[in-house]
Amino acid sequence: MLDIQVLRNDIQSVEKKLESRGFSLDVACFQALEAQRKSVQTRTQELQAQRNAASKAIGVKKGRGEDASVILAEVASIGDELKANEARLEEIQEEMQEFLLAIPNIPHESVPFGLSEADNVEVMKWGQPKHFDFEARDHVSLGEGLAGLDFETAVKLAGSRFTLMQGPVARLHRALGQFMLDLHTGEHGYVEVYVPYMVNAESLRGTGQLPKFEEDLFSVAGGYYLIPTAEVPVTNIVRGEILSLDALPMKFVAHTPCFRSEAGSYGRDMRGMIRQHQFDKVELVQIVHPEKSYEALESLLGHAEEILRRLDLPYRVVSLCTKDMGFSAAKTYDIEVWLPAQKAYREISSCSNFEAFQARRMQARFKTEGRNELVHTLNGSALAVGRTLVAILENYQLADGSVKIPEALYPYMGGLEVIPAS
RNA sequence: GGAGAGGUGGCAGAGUGGUCGAAUGUACCUGACUCGAAAUCAGGCGUAGGUGUAAGCCUACCGUGGGUUCGAAUCCCACCCUCUCCGCCA
């Protein structure tokens, strides 16, 4: 959510900045609402003050045993107008809230301008895409050859966009989650958290998934939603809190499944486990002082990259352009890993600084001299576990269809160094 | 699932229709005293919003949402949550 004061004072410049992400801000609507709000609110508060004064006077008179019928008659005449004004004010404020909740974040000045994915800017590249002296197979073919990935049975169990993993491949998947958690807690200073996999609507509003993107979520009985990312429960830890200055920065890591309806992506990535309704992810979240958030974004990105380096997987980092960024982000880096079968870099992590956008929705603040200030929030995948598994299968494949285990994972694989083709 | 108790400021804890945004204690901040500290004394100390150049003034908030009333922390209704006991369960 944007600061309403900024909209009041300088809506033109906000409009211009949002244009760069392809969002057209309805300035006239805002100004009309704001004008109404101002007059109705002023009048309402005036009437409330009158009523309060009269009620107080009645109390005083009655306390003395005097007659209060004159004032009572007076205050009765306020009643209807007050009620009407209060009701109207509430309507206007709700409308205003809805309006504000639907506005995306303003891109940071360092974000490249662009109107499509093609305008994303490559920031750096690490490692050499491997070439094989045989035709590289994709993870679906490899996984089935290892008796490790079974999409047909997953369809029977649940439907499309689910995976059944078995044997060493299932173990490799588990190993990856463990490896990532251990690295971030052991070397990068994150506190491991275990969180609910279902959350309420308020949490989703806090991080920006609601009210605009309900169709991307799975909702379940009882008013809960399955989390689309650990970002939601983890970031909402600080919702409604006023933190002490020395509590910052807070750094959390969580390994959770994520559930996404993938509405609107029919036909995209239907093959394999690139795009699933359920996938595991290790998520980093930082709650930081506003002056430190861009520093924090770079370090968080580095923490995610470190996983790929230790696994020796070639990748590149791109800075998303204005149009391609998510709703809540002020700046986003994607990390893309090399997939030999697709001969392309594919997204495996997304690291974003939300500045105060989520904090304002959540009312997450910290105490400074004299007043309370909104924190900045950041998060990033480090990494998407399923896609990392895909990357390992494809990058570590051997000519006979067996797959080597990255050395960093040996301790987690009980000595297994190669998953043999069956 | 059954029975009971309860949700008030950072914490503890009063307040059951009226000058209550809320006593008191404690924590915290400032000042005095002190060589310094402790103790003591004085003052300050919630959040959000409106309005104003400002000082300030005003409004809302006592789990949440409704209702009754001139007036609600206090009365009524619904919901949420916490605790205790019983049952069940990983």
Side-chain angles (χ1 to χ4, degrees), chain A residues 1-9 11 30-101 194-206 210-211 219-225 233 236-248 250 257 356-375:
Chain A
M1 195 157 69
L2 302 181
D3 185 353
I4 192 166
Q5 297 297 351
V6 174
L7 290 177
R8 283 174 185 152
N9 298 333
I11 196 163
F30 175 81
Q31 284 170 341
L33 256 180
E34 174 62 7
Q36 281 183 65
R37 192 226 95 227
K38 193 162 178 164
S39 79
V40 175
Q41 181 164 2
T42 316
R43 181 64 185 152
T44 304
Q45 294 188 347
E46 203 177 290
L47 290 169
Q48 283 170 331
Q50 274 178 38
R51 182 206 56 200
N52 290 348
S55 294
K56 208 170 248 189
I58 292 168
V60 171
K61 286 223 174 220
K62 290 210 165 169
R64 291 193 196 126
E66 294 171 21
D67 174 47
S69 57
V70 178
I71 313 178
L72 254 143
E74 235 175 72
V75 80
S77 66
I78 300 177
D80 285 348
E81 193 189 350
L82 178 57
K83 228 170 210 162
N85 271 280
E86 280 176 338
R88 182 75 191 115
L89 180 61
E90 196 177 325
E91 268 173 41
I92 293 168
Q93 280 175 332
E94 257 166 46
E95 234 176 292
M96 182 61 95
Q97 188 70 2
E98 246 171 78
F99 182 86
L100 293 174
L101 286 174
Y194 172 86
V195 295
Y197 299 161
M198 293 189 271
V199 293
N200 55 35
E202 228 174 303
S203 293
L204 288 155
R205 205 173 308 122
L210 288 180
S219 64
V220 296
Y224 298 114
Y225 294 85
N236 274 280
I237 289 173
V238 297
R239 187 176 81 224
E241 299 293 324
I242 299 174
L243 307 162
S244 68
L245 182 60
D246 58 14
L248 302 179
M250 296 171 94
F357 188 85
Q358 295 179 326
R360 187 170 293 108
R361 288 169 164 248
M362 294 190 300
Q363 282 302 300
R365 293 156 295 172
F366 68 98
K367 267 212 178 316
T368 55
E369 284 295 311
R371 71 199 157 126
N372 300 322
E373 216 180 313
L374 295 166
V375 297

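These values consider heavy atoms only, across backbone and side chains, with no hydrogens, waters or symmetry-generated copies. So you know, we letter chains A, B, ... as the sequences are listed, proteins then strands, and number each from 1. The structure presented is a predicted model; accordingly, all values stated were derived computationally and were not measured.
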Worksheet entry | Qualifying residues under ring pair (Phe, Tyr, Trp, His ring centres under 6.0 Å), relative to A:Y225, sequence neighbours excluded | none
Discussion item. Checking A:Y224 now: which residues fulfil ring pair (Phe, Tyr, Trp, His ring centres under 6.0 Å) with it, not counting sequence neighbours?
Written reply: none
Response to the item:
Using Watson-Crick geometry (N1-N3 plus N6-O4 or O6-N4) or G-U wobble (N1-O2, O6-N3), each under 3.5 Å, B:A78 is paired with B:U64
Worksheet item: Given that both distances must come in under 3.5 Å, which nucleotide forms a Watson-Crick or G-U wobble pair with B:A3?
Response: B:U84
Item to complete: Taking atom types as modelled, find out whether A:N200 and A:S203 have a side-chain donor-acceptor pair closer than 3.5 angstrom.
Response: yes
Listed once per pair and sorted, the salt bridge (charged side-chain N to carboxylate O under 4.0 Å, His left out) pairs that draw on [range], sequence neighbours left out:
{"range": "residues 36-45 of chain A", "value": "A:E34-A:R37, A:R43-A:E46, A:R43-A:E81"}
{"range": "residues 82-91 of chain A", "value": "A:R88-A:E91"}
{"range": "residues 356-365 of chain A", "value": "none"}

Worksheet, complete the sentence: Span of RNA chain B engaged by chain A, first through last nucleotide within the 4.0 Å heavy-atom cut-off, is B:G18 to B:G71
Worksheet item: Which residues pass the side chain to side chain donor-acceptor pair (under 3.5 Å) test with A:D246, sequence neighbours left out?
Response: A:S244
Discussion item. What residues from residues 44-54 of chain A pass a heavy-atom cutoff of under 4.0 Å to RNA chain B?
Written reply: A:Q45, A:Q48, A:A49, A:R51, A:N52
Practice prompt. Answer with base, sugar-phosphate or nothing: what part of the nucleic acid does A:R43 contact at a heavy-atom distance below 4.0 Å?
Written response: nothing
Fill in: For A:K56, side-chain contact (heavy atoms from CB on, under 4.5 Å) partners two or more places apart
none
